Amino acid sequence: MKLVFLGPPGAGKGTIAAKAKTVYGIPHISTGDLFRENIRNQTELGRKVQSILAAGDLVPDEVTIAMVRERLKQEDAAGGFILDGFPRTIAQADALAGMTDLDSVVDFVLDNETIVRRLSGRRMCRSTGRIYHILYNPPKVEGIDDETGEPLIQRDDDKEEAIRNRLEVYEASTAPLIDYYRSKGLLVEIDASKSPDEVLSAMVKAME
Ligand code: AMP
């Protein structure tokens, strides 16, 4: 199964992908996670993209496309994948079409007010990327990752100013992909306002 998860920041793409990868036995490939891993490891790529991520802007297409091209060549992606957060521009979508075919593009639909509420309460384990929400999906112990025991952090780009910018960037650059994939007959729209398990089962059903 070759899937793209589309939708605004905070729609739950990462949360659902982390569950869906077990259902389908395919890797969850998040470009945001890959960039954050490079920043954490202070690689050359990480140094290049750090301030872009903090501001909530988009990393240049050629950098992002090259990273995804390499990732999709890895063996675990041969039988399928969930791409989360890629493509985010028409140029990226065109490049992806040259790399592989897709089975479906899942668009997670959510209103702006809910997006802001979700993003501002989101917390993350820095080393694993596991995602929580202080109200809707809290860890067992406040502020601590359930499995690693590490303190949870708030992403720089989950702070108010960056959230606003990310929503503008989404509308301008990424929302046009909805029509792009609809016209190719690949788009499946899912109501992302429900709980993660409800959204997951709606998605799995839609894939059948
Ligand atoms: P995410 O974790 O998907 O919200 O991504 C976090 C940040 O990584 C975004 O705000 C961008 O700065 C960068 N990023 C992730 N995916 C892409 C992409 N496909 N194109 C450009 N920048 C991206």
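In each ligand, atom 1 is the first atom listed, and ligand 1 is the first ligand listed. Values in this document were obtained by computation on a predicted structure and should not be read as measured data.
Looking at Glu70 and Lys73, a side-chain N of the basic residue comes within less than 4.0 Å of a carboxylate O on the acidic one, giving a salt bridge. Arg71 has a carboxylate O that lies under 4.0 Å from a charged side-chain N of Asp76, or vice versa, which qualifies the two as a salt bridge. Arg164 has no carboxylate O lying under 4.0 Å from a charged side-chain N of Glu168, or vice versa, which leaves the two without a salt bridge.
Per-residue contacts place Arg166 under 4.0 angstrom from the following atoms of ligand 1 (heavy atoms of the residue considered): 4 (O). Listed by atom number, the atoms of ligand 1 under 4.0 Å from Thr31 heavy atoms are 15 (C), 16 (N), 17 (C), 19 (N). Close approach to Thr64 involves these atoms of ligand 1, each under 4.0 Å from a residue heavy atom: 18 (C), 19 (N), 20 (N), 21 (C). Residue contact check: Gln92 has heavy atoms under 4.0 Å from atoms 18 (C), 19 (N), 20 (N), 21 (C) of ligand 1. The contact set between ligand 1 and Arg36, taken as ligand atoms under 4.0 Å from a residue heavy atom, comprises 2 (O), 6 (C).
At a 3.5 angstrom cut-off on N or O pairs, Arg122 does not count as close to ligand 1. Considering both main-chain and side-chain atoms, Asp33 never comes within under 3.5 Å of ligand 1 through any nitrogen or oxygen pair. Considering backbone and side-chain atoms alike, Leu53 places every N or O at 3.5 Å or more from each N or O of ligand 1. Of the polar atoms of Gly85, at least one N or O is found under 3.5 Å from an N or O of ligand 1, judged by distance alone. On a distance-only criterion, Arg155 and ligand 1 share at least one N/O pair closer than 3.5 Å. Of the N or O atoms in Asp84, none lie within a sub-3.5 Å distance of an N or O in ligand 1.
The two residues Ala54 and Ala162 come nearest to each other via the heavy atoms O-CB, 3.7 Å.
Considering Leu34, Leu58, Asp57 only, the shortest heavy-atom separation from atom 10 (O) of ligand 1 involves Asp57.
Protein heavy atom in closest approach to atom 22 (N) of ligand 1: Val59 N, 3.1 Å. Taking atom 23 (C) of ligand 1 as the reference point, the nearest protein heavy-atom neighbour is Phe35 CE1, 3.7 Å. For atom 9 (C) of ligand 1, the closest non-hydrogen atom on the protein side is Arg88 NH2, 3.9 Å.
Side-chain contact between Arg122 and Asn137 is absent, with no heavy atoms from C-beta onward closer than 4.5 Å.
Residue Lys194 qualifies as open at atom NZ: its count of foreign heavy atoms under 6.0 Å is 12 or below.
For Met124, the side chain to side chain contact (heavy atoms under 4.5 Å, CB included) criterion is met by Arg36, Ile153, Arg155, not counting sequence neighbours.
Side-chain contact annotation: Thr64 with Asp61, donor-acceptor N/O pair under 3.5 Å absent.
Applying the ring-ring contact (aromatic ring centres under 6.0 Å, His included) test to every pair with at least one member in residues 119-170, sequence neighbours left out, gives these pairs: His133-Tyr136.
Exactly one of Asp57, Asp156, Asp158 qualifies for a salt bridge (Lys or Arg N to Asp or Glu O under 4.0 Å) with Arg166. That residue is Asp158.
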